Peer 1: 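Right, I'll just put the structure down here and ask away after.
A note on names: the letters A, B, ... follow the listed sequences, proteins ahead of strands, and every chain is numbered from 1. Everything numeric here is computed off the predicted structure, so don't read it as measured data.
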2 protein chains.
Amino acid sequence: MLEPLDPDMFTGCPPPAAPIRIGGKWTPMIMRCLEAGPRRFTELQIPLRGVTPKVLTESLRAMERDGLLARTTYDEIPPRVEYELTDLGHSLLTFMDAGCAWSREHLPEVLRARDAWHSAAT
Amino acid sequence: MLEPLDPDMFTGCPPPAAPIRIGGKWTPMIMRCLEAGPRRFTELQIPLRGVTPKVLTESLRAMERDGLLARTTYDEIPPRVEYELTDLGHSLLTFMDAGCAWSREHLPEVLRARDAWHSAAT
DNA sequence: CGGAATCCGATAAGATACTG
DNA sequence: CAGTATCTTATCGGATTCCG
């Protein structure tokens, strides 16, 4: 069985301060959540604190449309739906890792530049 | 002297169909324009077909604020202003190359997935 | 449980016209 | 030449409520 997702897994990385974006606001976090295996809708809502069902659905549908993940429904009661990264999704996740590496290395410099800019705007 | 920019350098890559974004809509193209050296405002407007001065200014200011490029003004008549990538900007450009590589390799698959999705939505 | 429907505010981008 | 100013539009993300 898969480990449950850490509710705080994204508390350290708020909506991208970095000038790099992959898909919408929640796409990168969703990909990270699916890294280890398939997850359910409500399971994703936990670490994605505050995401509304509407927005989560939109994000998941867009990713499904682009072939980044697969949606599987099980006809049970209560209903169960699982989302899983495709090979394409995994390849994008690998690229995303490079983006995370860039951010770890250079984001402080970006933030310093912004600070300097604001102070210059006295 | 620097070669002039090819007016058609972006005709093959319209606003990112790929689920990867760096900065705003024009940021990646601006970075590519500055790859070989400093460029002037009107020089940038050529390959960035249709960008309005307002939007181009906003994009350049945002990039300057983030430390991605440097703006240099020369007090001449007529006025001259040059934009040039910083080291930070060049590092981001390197990362962008990885994104271009991903797109070249996987974008067809994304587009196929979208087609399949649309046909499924009959 | 896994959504759908509706409404709303913020932001991004563009059109147009004018200026030091 | 290198912008600024003003206005309008489109898209995104969110709040709220309800349903099979």
Peer 1: Taking OP1 and OP2 of D:dC1, is either one under 4.0 Å from a side-chain nitrogen or oxygen of B:Tyr83?
Peer 2: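 So the side chain of B:Tyr83 is outside the cut-off, no N or O lying under 4.0 Å from OP1 or OP2 of D:dC1.
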
Peer 1: Roughly how many Å is it from CZ in A:Arg80 to C1' in C:dG3, rounded to a whole number?
Peer 2: 17 Å

Peer 1: Round to a whole Å and report the spacing from CD of A:Gln45 to P of D:dA15.
Peer 2: 13 Å

Peer 1: Side chain of A:Pro78 only, heavy atoms from C-beta on: which candidate in C:dC1, D:dT4, D:dA2 is closest?
Peer 2: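 Between C:dC1, D:dT4, D:dA2, the one nearest the side chain of A:Pro78 would be C:dC1.
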
Peer 1: Mind listing the residues from residues 32-44 of chain B sitting with a heavy atom below 4.0 Å of DNA chain C? Number order is fine.
Peer 2: none

Peer 1: Taking the side chain as every heavy atom from C-beta outward, state whether B:Phe10 and B:Cys33 have any atom pair closer than 4.5 Å.
Peer 2: yes

Peer 1: Run the side chain to side chain contact (heavy atoms under 4.5 Å, CB included) check on A:Leu88 and A:Leu69 step by step: do they pass?
Peer 2: CA-CA 8 Å; A:Leu88 183 62; A:Leu69 57 77; over 6 Å; no

Peer 1: What integer distance in Å separates A:Glu82:CD from C:dG2:C1'?
Peer 2: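 Rounding to the nearest Å, CD of A:Glu82 and C1' of C:dG2 are 13 Å apart.
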
Peer 1: Might you work through the side chain to side chain contact (heavy atoms under 4.5 Å, CB included) test for B:Val51 and B:Met29, ending with a clear yes or no?
Peer 2: CA-CA 11 Å; B:Val51 71; B:Met29 294 188 248; over 6 Å; no

Peer 1: Scan the side chains in residues 94-111 of chain B for donor-acceptor partners under 3.5 Å anywhere in the protein, sequence neighbours excluded, and list what turns up.
Peer 2:
| unit_1 | atom_1 | unit_2 | atom_2 | d |
| --- | --- | --- | --- | --- |
| B:Thr94 | OG1 | B:His90 | O | 3.1 |
| B:Asp97 | OD1 | B:Arg32 | NH1 | 3.0 |
| B:Asp97 | OD1 | B:Arg32 | NH2 | 2.8 |
| B:Trp102 | NE1 | A:Ser91 | OG | 3.0 |
| B:Ser103 | OG | B:Gly99 | O | 3.2 |

Peer 1: Can you build the contact string for nucleotides 6-20 of chain C? Use B for base contact, S for sugar-phosphate-only contact, and - for no protein heavy atom under 4.0 Å.
Peer 2: B------BBB----B

Peer 1: Whether the side chain of B:Thr86 engages the backbone of B:Leu68 through a donor-acceptor N/O pair (distance < 3.5 Å, no angle test) should be reported.
Peer 2: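 Here the side-chain-to-backbone pair exists.
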
Peer 1: Expressed in angstrom and rounded to an integer, what is the separation of B:Leu56 atom CG from D:dC1 atom P?
Peer 2: 14 Å

Peer 1: Taking the side chain as every heavy atom from C-beta outward, state whether B:Met31 and B:Met63 have any atom pair closer than 4.5 Å.
Peer 2: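 Yes, close enough: below the 4.5 Å cut-off.
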
Peer 1: C:dG3 P sits how many Å from A:Glu76 CD, rounded?
Peer 2: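 Rounding to the nearest Å, CD of A:Glu76 and P of C:dG3 are 14 Å apart.
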
Peer 1: Take atom CZ of A:Arg71 and atom C1' of C:dG2, then tell me their distance rounded to the nearest Å.
Peer 2: 8 Å

Peer 1: Rounded to whole angstrom units, what separation is found between the OH atom of B:Tyr74 and the P atom of D:dG3?
Peer 2: 13 Å

Peer 1: Under 4.0 Å between a side-chain nitrogen and a carboxylate oxygen: does that hold for A:Asp75 and A:Arg80?
Peer 2: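 A salt bridge is absent here (no side-chain N lies under 4.0 Å from a carboxylate O).
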
Peer 1: Taking everything shown except B:Asp6 itself, do over 12 heavy atoms lie less than 6.0 Å from its CG?
Peer 2: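 Counting other residues, nucleotides and ligands, CG of B:Asp6 exceeds 12 neighbours.
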
Peer 1: Would you find more than 12 non-hydrogen atoms of other residues, nucleotides or ligands less than 6.0 Å from B:Glu3 atom CD?
Peer 2: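 Count not over threshold, so no.
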
Peer 1: For A:Arg61 and D:dG13, give me the distance from atom CZ to atom P, rounded to whole Å.
Peer 2: 16 Å

